[in-house]
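Following: one structure in structure tokens, then a few remarks.
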Amino acid sequence: FAFERHSMSHVYEVFLNSLILLLSFKIIKKNSAGYFYLLGFFSIGSIFIRWTNIYSLFIPLLVLLISEAAIKTLLKNKYFYFGILTATLLFLYHTYVLYEIISINPYEIYKQGSSATSNEYLLEKVGVESFFSISFLNILISSFVKILFGQEFGLLYFSPVIFSTFYIL
């Protein structure tokens, strides 16, 4: 979903990270196989929202550092690893169905049909010949203005607090 259009993906990220935190704290209180499985599944399952959400695998580890016994239990629990395996296989199947390629690298999806390097691919997508051209500079400036003031996803419109922090810096 969020891979192609990022729109409101932060809402799903906050929900999933909250769920991961809740499950982590539940594991400290009660060692249930279901909690371990769901924690592993949702920790990896967050890459369904955005492919760069690998960090959510570390959230339970950081929370469980509070309780030394809980972290040892988590790292030895087969249900946790089974949840990770299930989410990973489901994600790989999902990428195969959608893009006809099995990959965890989003660049592989974007470069399909192109043998260009990442810089060549970027230049081709932007439609310029060099990073040092006037047209590329114009694209950078217009993109920067859209990021700050655009009505669709601009910082001023969507998050005035972050915009003001950016302005102060």
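- If you chain together hydrophobic residues whose side chains sit under 4.5 Å apart, Leu90 and Ile101 fall into the same group.
- Between Phe48 and Phe91, the ring centre distance stays below 6.0 Å.
- Between Ile71 and Leu64, the closest heavy-atom pair is CB-O, 3.7 Å.
- A chain of hydrophobic side-chain contacts below 4.5 Å, direct or via other Ile, Leu, Val, Met, Phe, Trp or Tyr residues, connects Leu74 to Tyr55.
- Taking 4.5 Å as the limit, every side-chain heavy atom of Leu23 sits out of range of all side-chain heavy atoms of Phe36.
- Listed here is the closest heavy atom pair of Ser24 and Val63: CB-CG1, 3.6 Å.
- Leu89 and Tyr93 fall into different hydrophobic clusters, defined by Ile, Leu, Val, Met, Phe, Trp and Tyr side-chain heavy atoms under 4.5 Å apart, directly or through other members.
- No single ILVMFWY cluster, assembled from side-chain heavy atoms under 4.5 Å apart, contains both Ile20 and Leu85.
- Between Asn17 and Ser56 the shortest heavy-atom distance is OD1-CB, 3.9 Å.
- Within the structure, the salt bridge (charged side-chain N to carboxylate O under 4.0 Å, His left out) test picks out the following pairs touching residues 72-88 (sequence neighbours left out): Glu68-Lys72.
- With a 6.0 Å radius and a threshold of 12 heavy atoms from other residues, nucleotides or ligands, Phe41 has its CZ atom above the threshold.
- Hydrophobic clustering, with ILVMFWY side chains joined whenever heavy atoms are under 4.5 angstrom apart, keeps Val14 apart from Tyr12.
- Looking at residues two or more places apart in sequence or on another chain, you find no side chain to side chain donor-acceptor pair (under 3.5 Å) involving Ser43.
- Summarising the local packing, OH of Tyr81 is surrounded by more than 12 heavy atoms from other residues, nucleotides or ligands at distances under 6.0 Å.
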inquiry  = Quick one, Tyr37 with Phe80, criterion ring pair (Phe, Tyr, Trp, His ring centres under 6.0 Å). Give me CA distance, side-chain angles, the key distance, then yes/no.
reply    = CA-CA 5 Å; Tyr37 174 79; Phe80 176 70; over 10 Å; no

